[in-house]
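To start, the structure itself, in structure tokens.
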Amino acid sequence: MSVRVRFAPSPTGQVHIGNIRAAIFNWLFARHAGGSFLLRVEDTDRERSTPEAIRTLLSVMEWLGLDADEPPVYQSTRTARHLAVAEAMVASGAATRENRDGKGECIVCRMPAEGKVEFTDAVKGRIRKRAEDTQDFVIVRSDGSPVFHLANVVDDHDMGITHVIRGDDHVENTFKHLQIFKAMGVEPPVYAHLPMIVNHMGKPYSKRDGAAFVGDFQEQGYLPDALFNFLALLGWAPGDDREILSRQEMIDAFSLERCKSSAARFDLRKLLWMNGEYLRNLPRPVVEAEFRRRLQIAGLDAGTLPDATWNGVLDQMIPRTRVFGDVPGNCIYFFTENYPFDPKAVDKRLRPDGVVALLQEVAQAFEALPAFTVESSETALRALGEARGLGIGMLVHPVRVAVSGVGEGPGLFELLTLLGRERVCARLRRADKALQTTAN
RNA sequence: GCGCCCAUCGUCUAUCGGUUAGGACACAAGGUUUUCAUCCUUGUAAGCGGGGUUCGACUCCCCGUGGGCGUGCCA
């Protein structure tokens, strides 16, 4: 029998990182086995399951390349079938009608009264508990609507799901789900429970911990392949020392047996590193397009720079970019005279006595140059340093901060030539302004 | 409270009884002699505690401890 797995999120408008990780594992498992990866939209909560929320879900999956092999199944369309199964369960005695808390009649699935209930989880191994520790549970509310457990199981069955790969938080539910399968008289799928993704405190990773939704990472300029790779390595490892893996490599290496069963902390720094790795392997035109887009969002227009300058900016800034969201902030001084000054850099490099006056001399020296190039500007600066008995660093750093506002960035002379003599000298001449704007 | 699950460097992980416990991120140091980034080299750093089983345990078992999850007419 060929493998069929599903991702069954309830659309809430945002897709949590832990949920999408489950989707990734399902996808990887299906692709590895040559089976099918399906999507079931659990949209029974009509309040939250808006068309907009469903669009978000679909677009997130597309962004990450999680392609489903069949059209999505919408759970809300299947209520009649869920209810029919419940009725059959009542008829067979597997479920009973009860009136709990005087809310009217609901349908309750009965758990075994004695013995053990158990199953073998494909990642956690054998899981069992005594029947006394289980409780009967409602499958149809008194208002006639099916409960999650019922709908979930019936749909899994009807969709021919062979493996249910989902979050750890569902292990307890599995006993209930198995009971419904038993009542239906059908073979249950294999269950596999994935460890949770937690924060630095060991608590479930949430919005409070920073970016928690796929959309957040998308906005911040992370690459889908990087996020995919990073998430795949949370709770799974290929078994060798590879960290950066292509989709195909992940597909080839993936197995449930290699999934861990302990929780994984979400380490943003490693994601950042990995994103940088992917980013530097992107074709130049792709990176350029994204640079333009990011700048535009921030109100900066790459088109205002001459082509040669723009290309130089890319040469210098691409290797210094780990995530696209940083682009506008890192590049702003190429586009406007209104670039911000980093107070720390100003205090260290511009505020010391004599620096501002020295920068006037630098401007003068630059203006006297027949041509303003990487070589000539360096020669001029070195000459001035020698004339004043100053180490080159005493000039380089203040100049950098004066013309860019920050203490790091491209090689200084590349930076200067990209900016052009006019802007450089103007910025040097009004370096004192920076002292006021960042006054301490 | 009760039930279930989990436990290797700060973090992600390898190890499926015998290893100097490996890799990656992060961090530190050095080189590429202006910064930052990239790149290269090096370094710091781990088996929760206690009992067993075994010739031998990170690895198997038990008990603690810690953490997570569950315990809804939520999903």
Side-chain angles (χ1 to χ4, degrees), chain A residues 8-10 12 19 42-45 48-49 75 98-101 103-108 117-118 121 123-125 127-130 132-135 137-149 151-152 166-176 193 195-198 200-204 230 233-244 257-258 260-274 276-277 280 316-322 330 345 349 378 381-382 385 391-401 404 406-413 415:
Chain A
S10 97
T12 59
N19 283 123
E42 304 213 330
D43 57 346
T44 50
D45 183 342
R48 292 193 294 179
S49 301
Q75 190 161 67
E98 288 181 21
N99 189 339
R100 312 231 278 211
D101 309 321
K103 289 180 188 169
E105 212 165 60
C106 61
I107 298 179
V108 176
V117 288
E118 62 183 332
D121 187 284
V123 345
K124 290 179 168 307
I127 296 175
R128 76 183 81 192
K129 66 199 300 184
R130 292 172 314 195
E132 305 93 273
D133 294 322
T134 65
Q135 274 191 318
F137 58 100
V138 173
I139 53 176
V140 176
R141 298 184 188 88
S142 49
D143 69 1
S145 63
V147 166
F148 160 73
H149 302 296
N152 193 267
R166 63 196 348 181
D168 228 353
D169 48 341
H170 283 294
V171 278
E172 297 288 334
N173 289 336
T174 306
F175 293 110
K176 296 177 181 172
H193 289 94
M196 309 253 77
I197 295 177
V198 299
H200 61 104
M201 296 290 288
K203 305 284 184 191
F230 175 75
L233 258 24
L234 248 34
W236 173 79
D240 49 43
D241 287 338
R242 288 177 295 173
E243 299 277 342
I244 306 282
E257 294 70 47
R258 292 210 59 80
K260 291 237 313 175
S261 50
S262 53
R265 280 176 166 73
F266 189 92
D267 183 5
L268 193 64
R269 288 174 304 184
K270 186 162 182 175
L271 204 213
L272 217 44
W273 160 77
M274 191 173 277
E277 293 289 306
R280 277 186 289 283
Q316 292 299 321
M317 301 312 287
I318 290 174
R320 293 177 170 79
T321 303
R322 290 205 293 181
N330 290 346
R349 304 301 191 184
E378 176 161 9
L381 203 68
R382 286 188 185 281
I392 187 71
M394 294 301 285
L395 287 166
V396 162
H397 298 301
V399 170
R400 171 187 299 287
V401 175
S404 75
V406 291
E408 73 277 311
L412 180 67
F413 305 105
L415 172 64

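The figures here come from the full heavy-atom set of this structure, side chains too, leaving out hydrogens, waters and symmetry mates. Throughout, protein chains are lettered first and strands after them, A, B, ... in sequence-line order, and every chain is numbered starting at 1.
Pair check for G47(B) finds none; no Watson-Crick or G-U wobble contact set falls under 3.5 Å. Pairing for U53(B) is absent, with no Watson-Crick or G-U wobble pair whose two atom distances lie under 3.5 Å. Nucleotide U38(B): unpaired (no Watson-Crick or G-U wobble partner with both distances less than 3.5 Å). Taking a pair to require two hydrogen-bonding distances under 3.5 Å in either a Watson-Crick or a G-U wobble arrangement, G3(B) pairs with C69(B). With both pairing distances under 3.5 Å, A21(B) is matched to nothing as a Watson-Crick or G-U wobble pair.
Atom CD of Glu172(A) and atom CD of Gln135(A) lie 11.5 Å apart (nearest 0.5 Å).
Nucleotides A45(B) and G10(B) place their P atoms 10 Å apart, quoted to the nearest Å. Rounded to the nearest Å, the gap between the C1' atom of A46(B) and that of U20(B) is 15 Å. Nucleotides G66(B) and A57(B) are separated by 28 Å at their P atoms, to the nearest Å. As rounded to the nearest Å, G47(B) and C16(B) have C1' atoms that lie 15 Å from one another. Separation of the P atoms belonging to U13(B) and U19(B) is 25 Å when rounded to the nearest angstrom. The gap from the P atom of C12(B) to that of G72(B) amounts to 31 Å, rounded to the nearest Å. Annotation: U44(B) and C9(B) have their C1' atoms spaced 10 Å apart (nearest Å). The gap from the C1' atom of A26(B) to that of U11(B) amounts to 8 Å, rounded to the nearest Å.
Closest approach of Leu234(A) and Ile197(A) over heavy atoms only: CD2-CD1, 3.9 Å. Heavy atoms only, all atoms of each residue included: Arg320(A) and Gln316(A) are closest at NH1-O, 2.6 Å. A pairwise comparison of heavy atoms in Gln75(A) and Asn152(A) identifies NE2-N, 3.7 Å as the closest pair. Nearest heavy atom pair, residue Ala345(A) against residue Val401(A), reads CB-CG2, 4.0 Å. Taking both residues in full, the closest heavy atoms of Pro195(A) and Gly235(A) are given as CG-CA, 4.2 Å, listed atom of the first, atom of the second, then distance.
Nearest to the side-chain atoms of His170(A) among the listed nucleotides A14(B), A75(B), G23(B) stands A75(B). For Lys124(A), the side-chain atoms get nearest to C5(B) when compared with the rest of A14(B), C5(B), A26(B). Listed nucleotides: G70(B), G23(B), C73(B). Nearest to the side chain of Lys103(A): C73(B). Among the nucleotides U13(B), G68(B), G3(B), the one closest to any side-chain atom of Pro204(A) is G68(B). With distances taken from any side-chain atom of Arg258(A) to the nucleotides C6(B), A14(B), C4(B), the minimum falls on A14(B). The nucleotide whose nearest atom lies closest to any side-chain atom of Lys203(A) is, among G3(B), C6(B), G67(B), G67(B). Taking the side chain of Val138(A) as heavy atoms from C-beta on, and the options C73(B), C4(B), U13(B), the nearest nucleotide is C73(B).
If you measure from atom CD1 of Ile244(A) to atom P of U13(B), you get 16 Å, rounded to the nearest angstrom. Atom-to-atom, CE of Met201(A) to P of G10(B) comes out at 17 Å; the value is rounded to the nearest Å. As rounded to whole Å, 13 Å separates atom C1' of C9(B) from atom CZ of Arg269(A). Between the NE2 atom of His193(A) and the P atom of C5(B) there is a distance of 12 Å, rounded to whole Å. Put simply, CG on Asn19(A) is 20 Å from P on C74(B), counting in whole angstrom units. Computed from coordinates, the Lys129(A) NZ to G3(B) C1' distance equals 5 Å when rounded to whole Å. Distance Glu243(A) CD to A24(B) C1': 4 Å, rounded to the nearest Å. C4(B) atom P lies 8 Å from atom CZ of Phe175(A), rounded to whole Å.
Within the 4.5 Å cutoff, the side chain of Val117(A) has no heavy atoms near those of the Arg128(A) side chain. Counting heavy atoms from C-beta outward, Glu118(A) and Ile127(A) have side chains that stay 4.5 Å or more apart. Residues Glu105(A) and Ser142(A) fail the side-chain proximity criterion, which asks for heavy atoms closer than 4.5 Å. Here the side chains of Ile392(A) and Glu378(A) are not in contact, with every heavy-atom distance at 4.5 Å or above. Residues Trp236(A) and Lys260(A) have side chains not in contact (no heavy-atom distance under 4.5 Å, counting atoms from C-beta outward).
Nearest-nucleotide positions on RNA chain B place Gly125(A) closer to the 5' end than the other of Gly125(A) and Cys106(A). The residue among Lys260(A) and Glu42(A) whose nearest nucleotide of RNA chain B is located toward the 5' end is Lys260(A).
Using a 4.0 Å cutoff on non-hydrogen atoms, the parts of residues 140-148 of chain A near RNA chain B are Arg141(A), Ser142(A), Val147(A), Phe148(A), ordered by number.
Backbone-only contact: Gly235(A) has heavy atoms under 4.0 Å from sugar-phosphate atoms and none from a base. Residue Phe230(A) is out of contact with every strand shown, counting any heavy-atom pair closer than 4.0 Å. Residue contacts shown for Gln135(A) are limited to sugar-phosphate atoms, with no base heavy atom under 4.0 Å away. No contact: Asn152(A) has no heavy atom under 4.0 Å from any strand. Counting any heavy atom pair closer than 4.0 Å across all strands shown, Arg166(A) reaches no nucleic acid atom.
Distances shown here put every side-chain N or O of Arg265(A) at or beyond 4.0 Å from the OP1 or OP2 atom of A26(B).
Ring-centre distance between Phe230(A) and Phe266(A): below the 6.0 Å cut-off.
Residue-to-nucleotide contacts include no donor-acceptor pair under 3.5 Å from the side chain of Asp240(A) to the base of A14(B).
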Please step through salt bridge (charged side-chain N to carboxylate O under 4.0 Å, His left out) for the pair Asp143(A) and Arg141(A), ending with a clear verdict.
CA-CA 5 Å; Asp143(A) 69 1; Arg141(A) 298 184 188 88; 5.0 Å; no

Once base and sugar-phosphate atoms are separated, protein heavy atoms under 4.0 Å mark nucleotides 35-46 of chain B, 5' to 3', with B, S and - as BBSSS-------

